[in-house]
> 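Okay, here's the structure, questions in a sec.
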Amino acid sequence: QVRLVESGGGLVQAGGSLRLSCAASGSIGVIFAMAWYRQAPGKQRELVASITSGGNTNYADSVKGRFTISRDNGRNTAYLQMNSLKPDDTADYYCAVRFSWQTNFGSWGQGTQVTVSS
């Protein structure tokens, strides 16, 4: 199955920036879309941003205007540029992929921690 490895998390002060990367490897087939989810302590995992192979994107209302998702289709790599970070952005961030034959995102990475201090 596809292997997803996230990187780029860390500790930043409010107003700072981070860029997360997700590298996919293995026999992954044709990827229809990639996405970033996050989960904060005591909360449900939520969709942050997604992008299709055609470049269509969507974002959670809480990150619109601050986060940008991008994708290198040739490298099967997704990025999440996070600007103007807020303490509420603190969470574990996970990369996910949706193959062309799937109706939902399936495979997940191990996660990378983002902590934003005030």
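All values below come from the heavy atoms of this structure, side chains included, with hydrogens, waters and symmetry mates left out.
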> Is there a side-chain contact between Met82 and Leu20, using heavy atoms and a 4.5 Å cut-off?
yes
> What are the two closest non-hydrogen atoms of Asp89 and Arg66, and how far apart are they?
OD2-NH1, 2.8 Å
> Would you say the side chain of Met34 lies within less than 4.5 Å of the side chain of Cys22, judging by non-hydrogen atoms?
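The answer is yes; the side chains approach within 4.5 Å.
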> State, yes or no, whether a side-chain contact exists between Leu85 and Leu18 at a heavy-atom distance under 4.5 Å.
yes
> Measure the shortest side-chain to side-chain distance between Tyr59 and Thr68 over non-hydrogen atoms and say whether it is less than 4.5 angstrom.
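In short, these two side chains touch, coming nearer than 4.5 Å.
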> Can you name the nearest heavy-atom pair linking Gly111 to Glu6, along with the distance?
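Taking every non-hydrogen atom into account, N-OE1, 2.9 Å.
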> Distance only, no hydrogens: is a donor on one side chain within 3.5 Å (strictly under) of an acceptor on the other, for Gln102 and Ser100?
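Checked: Gln102/Ser100 side chains show no N/O donor-acceptor pair below 3.5 Å.
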> Under 4.5 Å between side-chain heavy atoms, hopping through other hydrophobics if needed: is there a path connecting Tyr93 to Val12?
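Per the 4.5 Å side-chain linkage, Tyr93 and Val12 are co-clustered.
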> Using the side-chain contact (heavy atoms from CB on, under 4.5 Å) criterion, which residues pair with Gln39? Sequence neighbours excluded.
Arg45, Tyr94
> Ring centres of Tyr37 and Trp108 under 6.0 Å apart?
yes
> Run the side-chain hydrogen bond (donor to acceptor under 3.5 Å, both in side chains) check on Asp72 and Thr77 step by step: do they pass?
CA-CA 5 Å; Asp72 184 335; Thr77 301; over 6 Å; no
> Are any of the side-chain heavy atoms of Val63 and Arg38 separated by less than 4.5 Å?
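A side-chain contact exists here, since the closest heavy-atom pair is under 4.5 Å.
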> Going only through I, L, V, M, F, W and Y residues with side-chain contacts under 4.5 Å, is there a path from Trp101 to Phe105?
no
> Of all heavy-atom pairs between Arg71 and Ala33, which one has the smallest distance, and what is that distance?
NH1-CA, 3.8 Å
> Closer than 3.5 angstrom, by distance alone: can the side chain of Ser107 be matched with the main-chain N or O of Val97 as a donor-acceptor pair?
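Not at all, since once roles are kept as given, no pair shorter than 3.5 Å links the two residues.
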> Looking only at atom types and distance, does a side-chain atom of Ser50 sit under 3.5 Å from a main-chain N or O of Ala35, one as donor and one as acceptor?
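Not at all, since once roles are kept as given, no pair shorter than 3.5 Å links the two residues.
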> Pick out which of Leu80, Ile69, Asn56, Asn58 makes a side-chain contact (heavy atoms from CB on, under 4.5 Å) with Ile51.
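Passing option: Ile69.
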> Looking at Ser118 and Ala14, what are the two nearest heavy atoms and their distance?
CA-CB, 4.4 Å
> Do Asn83 and Ser17 have side-chain N/O donor and acceptor atoms under 3.5 Å apart?
yes
> Under 4.5 Å between side-chain heavy atoms, hopping through other hydrophobics if needed: is there a path connecting Trp36 to Tyr79?
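Each belongs to a different hydrophobic cluster.
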> Which atom names give the shortest non-hydrogen contact between Ala60 and Leu47, and what distance separates them?
CB-O, 3.5 Å
> Walk me through whether Asn76 and Ile31 qualify under side chain to side chain contact (heavy atoms under 4.5 Å, CB included).
CA-CA 8 Å; Asn76 287 320; Ile31 295 178; 3.9 Å; yes
> So which heavy atom on Leu4 is nearest to which on Gln110, and how close?
O-OE1, 3.3 Å
